Structure formats: structure tokens, C-alpha cells
Protein chains: 2
Amino acid sequence: MSAADGGVAILAGGGALPRELADRLAVRGRAVRILALRGFADRGTLRRAECAFDIVDALGIIRRLHAWRPAAVVLVGVVHRPTPRALLGAVAAAYRNRDFLLPIMRAGDDRLLRTVVGLFEREGFTVEGIATLAPELLAGVGVFGRVEPTAASRAAIGLGVRCLTALSPFDVGQAAVVAGSRIAAVEGPEGTDAMIARAQRLGRTSRLHGGEGGPVLVKMAKAGQDLRVDLPAIGPDTVRRAARAGFSGIAVGAGATLVIDRATTIEEADRRGLFVVGVDTAQDVPGEMSE
Amino acid sequence: MSAADGGVAILAGGGALPRELADRLAVRGRAVRILALRGFADRGTLRRAECAFDIVDALGIIRRLHAWRPAAVVLVGVVHRPTPRALLGAVAAAYRNRDFLLPIMRAGDDRLLRTVVGLFEREGFTVEGIATLAPELLAGVGVFGRVEPTAASRAAIGLGVRCLTALSPFDVGQAAVVAGSRIAAVEGPEGTDAMIARAQRLGRTSRLHGGEGGPVLVKMAKAGQDLRVDLPAIGPDTVRRAARAGFSGIAVGAGATLVIDRATTIEEADRRGLFVVGVDTAQDVPGEMSE
């Protein structure tokens, strides 16, 4: 059995994505086992999981993986670093797992995921991502819904892509808001939602002249971002927030952005009059985008 | 009389800077007249002003300047775009001045100052800035107070300078916060104070691992920024905010950043244990800075 058709262990955090991925893998005929992370995985995921582990229980997870020897391990869904309280609540387990936990607790946010991936790889596992396991879950190039970006919006998208590309080596935002011909916000560690709220406040205090149609959210991966575990994502909630903030639409990097719950995302965008578009970020200016 | 020693008309907004500049020009033996902007210039400036104008009264300002014909016009101090309410409050004057006001009201924030400069230049005046009139008010290269940046802080400053340099063509922030080896925030139109507050919140929710000593504020001009009317600035209040946010210090671009009330700024920094340093932003990495 080659690695490509071997079993896949899904280490599952929050949200519907772990189940979506399990479904896509099942279609491909691959053996899948879900290892749910307690406190993060939701009910639907827990129901389909083979077992559930406390996030502190690295040893337990690794033992289970060694027993199965999957061809690939994939980490998907929302997970946070264990809080000090969670560590105290499971202090015996934390002590038992200290060799795994210490590097994780010490790593900055930017190195956190790399540290976790490193742990699995040192144990001999292959960590894969959605891009190789189920690329159809990622945004492609083109307009997703019924709303087309205007020429002005396309220009704003181009500006956002160029700005994020220039910023890429600095491990800062994977998203920006462009209002007319101006960058209104660059995302930092606060995340996309907080940045949208910030742009909204700017718009309210009219420090932002949006051009017709409202600002555009541009989201794409940074250079060197480990897409196996850290994939830019948008979903129905992103569309709702962007609509409430008066945005005209959302552009994402094609081939490297996850569209969570794609049907609902497009439905919401259509209903609220926002465009959602996947752009080839390697091209300098997406002045003309293929549909 | 050459332009260099001719009269200087100071169009004065808020803060102490218009008076500081008038003092420096007086030391140089230049004739100075302060034209105060009503509603912006503070009491001390109004007392020394030759006359005061409503900001809407562009015609009045220009007529007065034509009567005097100064060698240079300089715009200093805090001024905002007229609010719709201010325009309605002076609707007759606004109508009289519509040819001047319309381009100003239509220009985005980024083009606002360029538009104002253009108006004066079209009337035949030479608009100058502090860099040519009183360069001693700008930050030089070196450590200003008693606190020296650590090697880690110098590395953080270098990262901030490189990031802002990369962002420079995009007319976005003229400041960033660097925490350890990570860009924690890039300033948008919300301004430096709001960005410091944002970085502070990130630190509180521990999404930010600052490295020893706390984050560093880096502030410098963008490429193509019109330094005659749009000079990055720090002052005592910047130091206080940075200290409250747990920052270790502030780095500014030498030769292109205004240090408002320099004595108090340094005094505050010394008392709160923050460094304030001017760096040559043209050098790639200020790993070693001359004192």
C-alpha cells in the first residue's frame, strides 16, 4: 500500500471541516480514522471519531497513531494552545506529557504549528494538508457566486495582493482591507474578524474613503506558510461580517485558501450582494481574471 | 532678499509645534507671521498670531498671503478636514470658497494634504517643511535618552524598518509594532495611538509573545510621503502610551520624524525606562547604530 492510498488519521479540532474532509477522503476510498480533540471537536465530529483525546495528552495521541501507522496525519479544525487553566486541570497528564508540551507552550504563535508538526514528524509520521488530500476543498480561480467584482474592485484586489505579497516575508497579516486605492488595514495576530471590525470603525468615522461599492477583503497565504496546518480560510461568517461592515466583496488566493461550507458561503454572498472571487496570487495584477 | 532668508508664514493648527517652529525661525533671524486656524490653534498660538482664519476661509488666507508674499508658507500643527457640520456652520463662506474646498473635501485622506499643498502652489507660494526650515526639530541618529536598546530590541527595530520599507509603496502605515521576531501590528489610517492600543490588547490576550523587554514601536516616513506637510511624529504622549502598553522603546526614522516637545519626551522615556532612538532607515539593518 503506497502512502497515497493509505490510511489517514484526522486529528480533529472544532468546526465542520474535519467531517467535510473525512467525507472527501471516503469518496476517494481512503481509510479514515478521526481522533477528536476533546473540548474543540464538536458533537458531530465526536460522534464519528474513533476516539477522543485531551489536547494535553500528546503521549496518548502518539501511542494511538503508532498502533495504527497511518500513511498520513492531518490536523484540521479550530484548536487553541492549552490555557494554563487547562494544564492545571490535567496536571498529572501535563506532567507525563511535559516533553511534548514544553516546546509547544514556549513557541510563539507563529512557531506553534511548526512545533506541533515537528513533534509528529519526529515520531515518524507524515503530516499532510488539505491541499494534497482534498484540493477540491480549496478556492479555485474565478468568481464563486452570482456577484461579479467591478473594475474598481478588481483594481483594489490587485493592490491588496501586491501589498500582501510585499509583506509576505515578514510573517504578518495574511489579509488586508483595500478601500478604493488605499490599504485600510493589514491583519496582524488579531485575526481577520477583528481587522474587519477595525475597517468598519474607520469607515464610520469617515477616515476611509471607500470608492464606490465599499472596501474589499483580500486574504491569501504568506510565503513560507505551512499550508498543511495553517491554511487561510473564509466561510459564511466571514461573508456576514464583511457584509455588515459594508464591504463589496472578498478575494482569496486560489489553491491556498479554504472555503469552509462552500455552499452556504456562496449563498450568503449572493443574498447580501457580495462577490467572492479566487485569484491567482502569483500573477502580479489580476486586472483580468478568468472566470 | 533670497527665499532662504525671506519671511515665513506659519499656517498654524493645534499643539505647541507652531510656536516651537516660530521660535526656531526667530533664532535664525527670519521674519515670521503666524496665521492661526480657528478651532485648531490653541490659546498660546492665537496670542502670537497675526490673525486667525476659519479653516473654511481659504480665500481669506490666500488674500492675506498675497498681501504679504512670504518666501515660504509652512503648514504645521494638528488640523482635520472640515466636518460637514463646520461647513454648514459657515455655509456662506463655504460657498464663497467652493473652488478651493471642493477638491479638499473630495480628496481621500491620503491625497488631502497633497491637494492643500497644490492649492498654495497654484497661487504661486512656496510650501516648505520643517526639514528645510528648522531641521533641528527632527530626530537625529542615535539614542536620545538614558535607556539603551538591547541587542534583541535592535533586531526588532531592524525587522520593523525592513517591513515598513517593503510596505512603503502601498501608502499604508508609517508605523509598526514588533514583538520579538514578529510584526504585531501595522498602522493603518487609525493612527499610531490606536495601533498601540491594539498591540496592548494582543499582549493581554497573550496572542503576542514579546520576547524579553516588550514590543518596540517603529515609526518612519513612507516613500514619497510629502514631508513638508506630513511628517511622522512622536511626543511625550506617545512615550506614555507605549509605556502603558508594556513596550520597551520607540525607534523613529532619523531626519524625517518630528519629536514634539523633545525635552519632555526624553524625560518621560527615561523615567519610564523606555529607549527612544533615531535610526537611519536607508541602512538595511541597524544592527549597530552610532550613538
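Both backbone and side-chain heavy atoms feed into the values below; hydrogens, waters and symmetry mates do not. So you know, we letter chains A, B, ... as the sequences are listed, proteins then strands, and number each from 1. Here the structure is a predicted model, which means the values were calculated and not measured.
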For B/Glu190 and A/Ala184, the nearest pair of non-hydrogen atoms, with its separation, is OE1-O, 4.5 Å
For B/Phe170 and A/Leu159, the nearest pair of non-hydrogen atoms, with its separation, is CD2-CD1, 3.7 Å
Interface check, chain B: of A/Ala176, A/Ala166, A/Gly188, A/Cys163, most non-hydrogen pairs under 4.5 Å belong to A/Cys163
### Query
Do B/Pro189 and A/Arg182 have side-chain heavy atoms sitting under 4.5 Å apart?
yes
